[in-house]
Student: 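The structure that follows is given in the form of structure tokens.
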Amino acid sequence: MSQNIRVRFAPSPTGPLHIGGVRTALFNYLFAKQQKGTFVLRIEDTDQNRYVEGAEDYIIEALNWCGIPFDEGPGKDGGFGPYRQSERKHLYKQYADELVAKHKAYYAFDTSEELDALRKEREAEGNTFIYNWHNRNRLNNSLALSREEVQSKINNGDDYVIRFLSPQDQTLELNDSIRGEMSIDTNVLDDKVLFKSDGMPTYHLANIVDDHLMQITHVIRGEEWLPSLALHQQLYDAFEWTAPQFAHLPLILKPTGKGKLSKRDGDKLGFPVFLLEWQDPRTQEISKGYKEEGYFPEAVINFLAFLGWNPGTEQELFSLEQLVEHFDLERVHKAGARFDPDKTKWFNHHYMQDQNDEKLAQAFQNYQKELSEIDINYITMVVGLIKERATFISDFWKLSHYFFVAPAAYDEKATKKAFKEDTADILEKVADIIVHTKEFTVQNLQAKIKGWITENEIGFGKVMMPLRLSLVGELQGPDVFEIMFMIGKNESINRIKKAISELS
């Protein structure tokens with residue numbers, strides 16, 4: 001593309017950033033980076049009644065944590081700021097007035113009481129009240145009033161809004177990169193409020209003006225904004241501005257596939273719907289986040305990318321760089337994407353295997369108080385042996401506790417399976433072999449014990465199961481010889497002797 005690609009992510013700071021919003025930010029980021037363009041963060045905070053303290057900082061921290069930082073935005077001025085709508089509110093009135101002057105919008109003086117009465121009247125008739133071409137010429141607005149009456153009301157300080165003059169008997173042709181061509185009959189559209197009586201623009205006007213002034217070329221946003229596309233296209237036409245290319249992303253659905261994913265679904269089924277932990281400053285309620293639950297940012301980005309997009313191949317594991325390379329809006333689905341909590345864990349398990357063992361060991365040591373005095377090099381070796389069975393760092397202790405402390409008890413089912421009448425004698429011999437193994441390495445232990453088993457024509461299970469149970473306390477864990485090497489000769493012998501004493 002020859003044009004300078006500019007996209008924007010424009011959240012409202014009304015609370016924590018839902019993963020649906022993160023997915024929108026990610027798709028904007030991927031598209032921008034692939035096209036060597038610019039990813040803009042704009043904070044849409046015109047609704048000060050819903051503003052939540054700390055939400056803006058949370059949004060920025062969340063984007064940074066998952067590795068998709070913005071190029072322009074609050075604190076990163078690229079020449080199109082300010083990037084908070086509350087700091088741009090002086091701009092919007094002139095554009096609303098311009099539309100009035102062009103006869104594309106009009107003043108409406110209807111009070112809330114008058115509009116409520118009209119709604120109730122229509123409902124009583126079994127209909128819905130819509131403020132548009134059907135009735136606007138009979139209502140309290142500048143289309144029905146004389147110029148003198150309008151000016152008098154304005155001079156008297158009467159409250160008014162500015163409404164868009166939606167055209168009658170036209171067919172509006174719309175284009176969406178994901179959904180293709182669409183046609184809308186303008187007769188079904190209402191005359192949306194563009195400028196409110198409190199002197200603030202509505203989302204629709206501010207959004208269009210800001211996208212134009214910030215030279216946004218592509219608007220990639222959620223499906224919930226699709227009903228607004230007709231109005232937004234008409235506003236671009238009314239201003240005689242070139243509209244950006246629109247792309248409306250599919251909804252993220254509940255795990256059942258029915259309905260939009262919500263925080264309640266996460267609470268009910270035990271998975272996060274926010275990137276970072278959030279404490280509501282009003283209620284003090286704490287919502288868990290992917291970061292605190294032990295997810296790697298790379299895994300989160302990978303599974304979010306597949307919520308509504310696929311590369312057209314069987315490949316599922318993509319680095320951020322690979323996602324940038326392969327991302328294509330034409331491969332984004334129209335249908336909603338079902339959220340699968342088990343699949344998110346699958347991604348995290350795979351990314352666990354790519355993590356540096358020493359960094360994982362440091363995180364494990366910080367997480368598990370029993371390890372505070374243990375040599376980090378030893379913990380690193382343990383992590384290397386057990387991480388292939390782990391999904392989260394919180395899994396490590398269950399998978400590795402026997403490397404640090406001797407079993408306090410033995411799994412009852414495993415004991416019945418592993419310990420027979422002759423097991424004590426077999427383990428005594430194994431302990432003797434260990435005692436006389438001078439070079440205490442994995443290879444030597446394996447050669448000597450397996451050699452003895454073969455020579456004496458004993459079933460491997462008769463030896464290896466009770467040996468593992470003695471060392472671990474259950475029939476799980478990595479290679480038995482690796483475990484013995486790690487805990488050392490004396491500890492291995494002590495554990496075998498203890499098991500003989502307690503289980504024979």
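A quick note: this is a predicted structure, and the numbers were derived from the prediction, not measured.
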Student: Will you find, in the side chains of Glu173 and Ser183, an N or O donor that is under 3.5 Å from an N or O acceptor?
Tutor: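 Looking only at side-chain atoms, Ser183 and Glu173 do form a donor-acceptor pair, the distance falling under 3.5 Å.
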Student: Can you tell me how far apart CZ (Arg8) and CG (Asn28) are? Round to the nearest 0.5 Å.
Tutor: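 Separation between the atoms: 7.5 Å.
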Student: What do the steps show when you test Ser400 against Phe364 for side-chain contact (heavy atoms from CB on, under 4.5 Å), and what is the final call?
Tutor: CA-CA 11 Å; Ser400 70; Phe364 184 27; 3.5 Å; yes
Student: Run the ring pair (Phe, Tyr, Trp, His ring centres under 6.0 Å) check on Tyr95 and Trp241 step by step: do they pass?
Tutor: CA-CA 12 Å; Tyr95 290 99; Trp241 295 339; 5.7 Å; yes
Student: Taking atom types as modelled, is there a side-chain donor on Glu44 or Ser12 under 3.5 Å from an acceptor on the other?
Tutor: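 Distance-only check fails for Glu44 and Ser12.
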Student: To the nearest 0.5 Å, what is the distance between CZ on Arg88 and CZ on Arg42?
Tutor: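 Here the interatomic distance stands at 7.0 Å.
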Student: Under the criterion ring pair (Phe, Tyr, Trp, His ring centres under 6.0 Å), I'd like the reasoning laid out for Trp346 against Tyr351: C-alpha separation, chi angles, the key distance, then a yes or no.
Tutor: CA-CA 9 Å; Trp346 180 88; Tyr351 277 92; 9.0 Å; no
Student: Can you find a side-chain donor-acceptor pair between Tyr290 and Asn348 that sits under 3.5 Å?
Tutor: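 Per modelled atom types, Tyr290 and Asn348 side chains form no pair under 3.5 Å.
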Student: Is the distance between the ring centroids of Tyr58 and Trp278 under 6.0 Å?
Tutor: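 Between Trp278 and Tyr58, which both carry aromatic rings, the centre distance is below 6.0 Å.
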Student: Pairing donors with acceptors under 3.5 angstrom, does anything connect the side chains of Asp45 and Gln85?
Tutor: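 Asp45 vs Gln85: no donor-acceptor pair found between side chains.
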Student: Applying the salt bridge (Lys or Arg N to Asp or Glu O under 4.0 Å) test to Glu223, which of Lys260, Arg23, Arg179 qualifies?
Tutor: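 That would be Arg179; it is the only one of Lys260, Arg23, Arg179 passing the salt bridge (Lys or Arg N to Asp or Glu O under 4.0 Å) with Glu223.
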Student: Would you say Glu474 and Tyr410 are linked by a side-chain donor-acceptor pair, where the criterion is simply a distance under 3.5 Å?
Tutor: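 The answer is no; no qualifying pair exists.
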Student: Apply side-chain contact (heavy atoms from CB on, under 4.5 Å) to the pair Leu307 and Arg338, showing each step before the final yes or no.
Tutor: CA-CA 7 Å; Leu307 288 176; Arg338 186 177 69 85; over 6 Å; no
Student: Looking at Phe327, does the NZ or CZ of Arg331 lie under 6.0 angstrom from its six-membered ring centre and within 45 degrees of the ring axis?
Tutor: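 Verdict for Phe327: no cation-pi partner in Arg331.
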Student: Go through the side-chain N and O atoms of Gln284 and Gln279 and say whether any donor and acceptor fall under 3.5 Å apart.
Tutor: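 A pair is found: one side chain offers a donor N or O, the other an acceptor, under 3.5 Å apart.
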Student: Between Asn175 and Gln245, does any side-chain donor sit less than 3.5 Å from a side-chain acceptor?
Tutor: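 Short answer, yes.
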Student: Any side-chain donor-acceptor pair under 3.5 Å between Asn377 and Thr380?
Tutor: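 No - no donor-acceptor pair under 3.5 Å links their side chains.
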Student: Are Leu30 and Trp309 close enough, and set up right, to give a side-chain contact (heavy atoms from CB on, under 4.5 Å), and what steps lead you there?
Tutor: CA-CA 12 Å; Leu30 296 177; Trp309 170 85; over 6 Å; no
Student: State whether the side chain of Arg468 and the backbone N or O of Pro478 hold a donor-acceptor pair below 3.5 Å, judged by distance alone.
Tutor: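 The answer is yes, because a donor-acceptor pair under 3.5 Å joins these two groups.
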Student: Set out, in order, the CA-CA distance, both residues' side-chain angles and the distance that settles side-chain contact (heavy atoms from CB on, under 4.5 Å) for Arg221 and Asn207, then state yes or no.
Tutor: CA-CA 12 Å; Arg221 59 190 181 185; Asn207 179 276; 4.1 Å; yes
